[in-house]
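Hydrogens, waters and symmetry mates are skipped; everything else that's a heavy atom, side chains included, is used.
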Amino acid sequence: MSADPDIICNMLRKLAKPSSDLSSYATEDAVETLLENWKAAMRDGVALQGLVADVDGVIEHLKDFRDGIVAIYPEAKPR
């Protein structure tokens with residue numbers, strides 16, 4: 001990969017838009033974890049498409065977690 005992983009990650013970090021709600025903080029934490037892992041992966045030659053697939057994986061895991069909460073506590077389902 002010709003681009004520097006540090007530069008790419010610093011640019012992508014700016015996409016996590018902070019706000020004062022809990023989900024925003026959780027997103028920032030997830031982004032930081034992903035970016036640190038991505039730096040190493042990019043240095044090992046992993047293409048950006050593989051990295052974007054990781055975001056899709058995180059979203060799917062969160063959906064499964066949400067569905068599990070609602071299965072246990074149906075009253076928690078947003079209306």
Side-chain angles (χ1 to χ4, degrees):
M1 179 172 289
S2 60
D4 183 294
D6 290 315
I7 293 171
I8 290 172
C9 287
N10 286 337
M11 289 172 53
L12 295 176
R13 184 174 283 113
K14 295 174 185 175
L15 296 175
K17 300 192 178 8
S19 68
S20 61
D21 61 69
L22 180 59
S23 64
S24 175
Y25 291 120
T27 301
E28 286 183 85
D29 287 345
V31 166
E32 280 304 314
T33 299
L34 285 169
L35 289 178
E36 287 307 311
N37 291 321
W38 286 0
K39 282 183 193 180
M42 285 187 283
R43 288 186 180 107
D44 289 340
V46 174
L48 287 174
Q49 293 91 339
L51 305 177
V52 170
D54 288 342
V55 172
D56 292 335
V58 169
I59 291 167
E60 287 304 313
H61 286 292
L62 287 170
K63 285 179 180 178
D64 290 344
F65 179 66
R66 179 198 62 212
D67 293 346
I69 292 169
V70 172
I72 295 169
Y73 300 104
E75 67 274 14
K77 185 175 183 175
R79 298 173 195 243

* To do: Would you kindly confirm whether Leu15 and Met42 end up in one hydrophobic cluster when ILVMFWY residues are joined by side chain heavy atoms under 4.5 Å apart?
  => yes
* To do: Could you grab the distance from atom CG of Asp54 to atom OG1 of Thr33, nearest 0.5 Å is fine?
  => 12.0 Å
* Asked: Distance from Arg66 atom CZ to Lys63 atom NZ, nearest 0.5 Å?
  -> 7.0 Å
* Structure fact -> Smallest heavy-atom separation, Lys39 atom then Pro5 atom, equals O-CB, 3.9 Å
* How about Val52 and Gln49: do any of their side-chain heavy atoms sit closer than 4.5 Å? -> no
* Asked: Can you tell me how far CZ of Arg13 sits from CD of Glu28, rounded to the nearest 0.5 angstrom?
  -> 10.5 Å
* Between atom CG of Leu51 and atom CG of Leu12, what is the distance when rounded to the nearest 0.5 Å? -> 9.0 Å
* Are the charged groups of Arg43 and Asp6 less than 4.0 angstrom apart, N to O? -> yes
* Asked: Among the clusters formed by ILVMFWY side chains lying less than 4.5 Å apart, do Leu48 and Leu35 turn up in the same one?
  -> yes
* Structure fact -> Looking only at heavy atoms, the pair that brings Ser19 and Ser24 closest together is N-OG, 2.8 Å
* To do: Not counting sequence neighbours, which residues clear side-chain contact (heavy atoms from CB on, under 4.5 Å) with Val55? List them please.
  => Leu34, Trp38, Ile59
